[in-house]
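Structure first, then comments.
All values derive from a computational prediction rather than experimental measurement.
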Amino acid sequence: MPLLDSAKVDQTRMNVPAVRKAKSMSTPKGDTISVFDLRFCVPNQDRLNEEGSHTLEHLFEGAMHVHLDTDKVSVINVSPMGSRTGFYMSVIGIPTEFDVADAWLASMQDILNIHSLSDVPELNQYQCGAQDMHSLEQTQQIARNIIAAGINVDHNHELCLSEEQLKGLHT
């Protein structure tokens, strides 16, 4: 199995909360797809709770569209990490990490302005596979924590594991 790009980053050195441009790639038609790591929690120390992160999943992508989409950037997807330490976001275009951080902070503010679970999109048995696993209160606490902490920018070259380190991890 090939080593994924995310496995080449030393997660013990992340400046959480942080945005990191994980990678870029080109489509066959020449568009650039940028993938960002939006890290909410310190890996192996903290996790987003289930209900809060699930409600956040319903709100976050829409808010990021509002705050990041332009004529040169379009959010494709914002998906939770299996580790529950953050989200991955794929976009067409090349926004800066600072653009992403600003959109992330604005999105967290939007979440604080939601008044009720009934205002959360797709929260029904037809559009949600776990409609009973939600908490607006926990989601808003996540948003407050991010706003209070601010968002750092991490860079792959600063977090990259050396070839020696990688070999030692796979023996």
>> Does this structure show an ion pair linking Asp37 with Arg39, if we count only N-O contacts that are shorter than 4.0 Å?
In response: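 Salt bridge present between Asp37 and Arg39.
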> Under a 4.0 Å N-O cut-off, is there an ion pair linking Asp154 with Arg20?
Replying inline: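 No.
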> Does anything in residues 123-150 pair up under ring pair (Phe, Tyr, Trp, His ring centres under 6.0 Å), and if so which pairs, sequence neighbours excluded?
Replying inline: His54-His134, His58-His134
Cluster overlap [X] with [Y], hydrophobic side-chain contacts below 4.5 Å:
X     : Y      : value
Val78 : Ile142 : yes
Val19 : Tyr88  : no
Leu48 : Val120 : yes
Ile92 : Val75  : no

For [X], I'd like to know if atom [atom1] has over 12 heavy atoms of other residues, nucleotides or ligands within 6.0 Å.
X      : atom1 : value
Arg84  : CZ    : yes
Gln131 : CD    : yes
Asn124 : CG    : yes

>> Quick one, Leu68 with Met89, criterion side chain to side chain contact (heavy atoms under 4.5 Å, CB included). Give me CA distance, side-chain angles, the key distance, then yes/no.
In response: CA-CA 11 Å; Leu68 193 60; Met89 178 178 70; 3.7 Å; yes
Decide yes or no for [X] and [Y]: does some side-chain heavy atom of the first lie under 4.5 Å from some side-chain heavy atom of the second?
X      : Y      : answer
Asp110 : His67  : yes
Asn77  : Glu61  : yes
Arg144 : Leu112 : yes
Leu59  : Pro121 : yes
Lys21  : Ile94  : yes
Pro95  : Thr70  : no
Glu122 : Cys128 : no
Val91  : Ile76  : no

>> Using the rule given for side chain to side chain contact (heavy atoms under 4.5 Å, CB included), can you reason through Gln109 versus Ile147, listing the C-alpha separation, both sets of side-chain angles and the distance that settles it, and then say yes or no?
In response: CA-CA 8 Å; Gln109 188 59 55; Ile147 291 168; 3.7 Å; yes
Do any N or O atoms from the side chain of [X] and from the backbone of [Y] form a donor-acceptor pair under 3.5 angstrom?
X      : Y      : result
Thr85  : Val42  : no
Gln140 : Ile111 : yes
Glu51  : Ser135 : no
Asp99  : Thr96  : yes

Spacing of [atom1] belonging to [X] relative to [atom2] belonging to [Y], to within rounding of 0.5 Å:
X      : Y      : atom1 : atom2 : value
Thr139 : Met108 : OG1   : CE    : 9.0 Å
Glu97  : Trp104 : CD    : CH2   : 12.5 Å
Ile146 : Leu105 : CD1   : CG    : 8.0 Å
Leu38  : Met64  : CG    : CE    : 5.5 Å
Phe40  : Met81  : CZ    : CE    : 9.5 Å
Ile151 : Phe98  : CD1   : CZ    : 11.5 Å

Identify the heavy atoms of [X] and [Y] that sit nearest to each other, and give their distance.
X      : Y     : answer
Arg47  : Cys41 : C-SG, 3.7 Å
Ser34  : Gly93 : OG-O, 2.7 Å
Ser90  : Val35 : OG-CG2, 3.9 Å
Asn152 : Asn15 : ND2-O, 2.8 Å

> Any side-chain donor-acceptor pair under 3.5 Å between Asp119 and Ser116?
Replying inline: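 Checked: Asp119/Ser116 side chains show no N/O donor-acceptor pair below 3.5 Å.
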> Should the ring pair Phe60 and Phe87 be called parallel, tilted or perpendicular, given that the plane angle runs from 0 to 90° and is split at 30 and 60?
Replying inline: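 Perpendicular, since the angle between the ring planes exceeds 60°.
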